[in-house]
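Reading through the structure tokens given below for one structure.
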Amino acid sequence: MDWIAVVPALAGLVIGSFLNVCIHRIPRGLSVIRPRSHCPGCSKPIPAVDNIPILSFLLLKGRCRACHAPISLRYPLVEAAAAALFLGAWIRFEWSSAFVICCLFLALVLTLTVIDLYHRILPDVLTLGGLAAGVLLSPLQDPGFFHWKMGPASLPAWDHLGFSLLGAGLGGGFLWLVAALYRRFSGVDGMGFGDVKMTAMLGAFLGWRCALLSVFVGSVIGAVAGSIYMRARSKGRSYPLPFGTFLGVASAAAAFWGPGILRWYFSD
Ligand SMILES: [Zn+2]
């Protein structure tokens, strides 16, 4: 691999550090810009030297310099995940508009995945904001997501916009239908409207095929992980599972391998 690969990886670390701020603040209704990062234990502002992704966590041995309160392992893990995802996007798309769009998509999905895991919510600013970004940026998106049988750059930009809107409509519509049927027959809310909006966002970025593939794979991951967790912790069936988390993991995988899997499965 080229040495230049450190650039997307470092960008991932820096963006991952910002995503940690988003993950902490968005569910609490706080601004992600102001004030500066501070320790949740002692409220002291964190100096820049203690805010270096991963490195500061290791040097401080996972504790605040001022009050020695433990820092969540989530911080370095999110930074490392963002670095790995951005590197993966660069390997797949190199320097292109599709690379930038893929990084934006993966950053949104990583943030939603962690927020849903901790809070069981999928904030509109990420799902609906992401949906708008996915549609608006679709003319610059990799055509492979929208039409897996075609080679790269074989679709006009206006077709991308159509496929993106179709992906959002079919992806969100499908999940809305599943949620409505589930509520009709079981009498309980199995899925929130946040999952519907998130799937619409996935469709806007990935097209309807990869969005539905993400729903299918996410459901399988959720069923397996959910039953293992509930058995281990002896939770009841009413325990709310973070479907957005499973959907997030599946859709990040779909961003890398989705079109390839579809080509393989449907090849004649
Ligand atoms: Zn502190």
Side-chain angles (χ1 to χ4, degrees), residues 97-98 100-113 115-116 121-150 152-185 189-222 242-263 265-266:
S97 57
V100 178
I101 295 172
C102 191
C103 287
L104 172 67
F105 173 73
L106 293 168
L108 281 166
V109 158
L110 176 59
T111 308
L112 285 166
T113 296
I115 288 180
D116 199 37
I121 52 166
L122 297 164
D124 282 351
V125 65
L126 299 169
T127 55
L128 296 182
L131 170 62
V135 172
L136 292 173
L137 293 171
S138 65
L140 305 168
Q141 176 64 294
D142 182 76
F145 286 119
F146 299 129
H147 217 293
W148 47 276
K149 274 195 173 170
M150 290 193 182
S154 54
L155 285 172
W158 285 111
D159 283 19
H160 283 211
L161 206 57
F163 277 117
S164 178
L165 288 168
L166 184 71
L170 284 181
F174 175 75
L175 214 72
W176 178 83
L177 190 70
V178 171
L181 287 174
Y182 188 83
R183 190 165 44 232
R184 177 88 175 74
F185 290 106
D189 268 321
M191 227 174 277
F193 203 60
D195 298 313
V196 173
K197 287 181 270 191
M198 181 170 170
T199 313
M201 188 270 273
L202 302 182
F205 276 96
L206 304 179
W208 67 270
R209 293 178 181 87
C210 282
L212 294 190
L213 180 69
S214 304
V215 171
F216 173 72
V217 174
S219 305
V220 173
I221 298 172
F243 186 63
T245 299
F246 307 131
L247 202 53
V249 172
S251 66
F256 291 109
W257 303 295
I261 291 169
L262 291 169
R263 261 196 300 276
Y265 187 78
F266 290 107

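All residue numbers refer to positions in the sequence shown, counting from 1.
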CA sep, side-chain torsions, deciding dist, call: Leu126, Leu122, side chain to side chain contact (heavy atoms under 4.5 Å, CB included): CA-CA 7 Å; Leu126 299 169; Leu122 297 164; over 6 Å; no
Full working for side chain to side chain contact (heavy atoms under 4.5 Å, CB included) between Leu175 and Phe243: CA-CA 12 Å; Leu175 214 72; Phe243 186 63; 4.1 Å; yes
Asp116 vs Met198, side chain to side chain contact (heavy atoms under 4.5 Å, CB included): CA-CA, chis, key distance, verdict: CA-CA 11 Å; Asp116 199 37; Met198 181 170 170; over 6 Å; no
Steps toward side chain to side chain contact (heavy atoms under 4.5 Å, CB included) verdict (Phe205, Leu108): CA-CA 11 Å; Phe205 276 96; Leu108 281 166; 4.0 Å; yes
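The minimum heavy-atom distance linking Pro139 with His160 is given by the pair O-ND1, 3.6 Å. Between Leu131 and Met201, the closest heavy-atom pair is N-CG, 3.4 Å. Across every non-hydrogen atom of Leu206 and Ser214, the tightest pair is CD1-OG, 4.3 Å.
Ring orientation note: the planes of Phe163 and Phe146 are close to parallel, at an angle under 30° on the 30°/60° scale.
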For residues 246-256, which side-chain N or O atoms pair as donor and acceptor with protein atoms under 3.5 Å away, sequence neighbours left out?
residue: Ser251; atom: OG; partner: Leu247; partner atom: O; Å: 3.1
residue: Ser251; atom: OG; partner: Gly248; partner atom: O; Å: 3.1

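Between Leu112 and Pro123 the shortest side-chain heavy-atom distance falls below 4.5 Å.
Note that OH of Tyr265 and CZ of Arg209 are 14.5 Å apart. Values are rounded to the nearest 0.5 Å. Atom CG of Asp142 is separated from atom SG of Cys102 by 9.0 Å, given to the nearest 0.5 angstrom.
Residues forming a side chain to side chain contact (heavy atoms under 4.5 Å, CB included) with Leu181 (at least two apart in sequence, or on another chain): Leu177, Phe185. Considering only residues two or more places apart in sequence or on other chains, Phe216 meets the side chain to side chain contact (heavy atoms under 4.5 Å, CB included) condition with Val220.
No side-chain donor-acceptor contact under 3.5 Å links Ser164 to the backbone of Leu161. Looking at Ser97, its side chain does come within 3.5 Å of a backbone N or O of Leu140 through a donor-acceptor pair. For Thr199 (side chain) and Gly172 (main-chain N/O), no donor-acceptor pair under 3.5 Å exists by modelled atom type.
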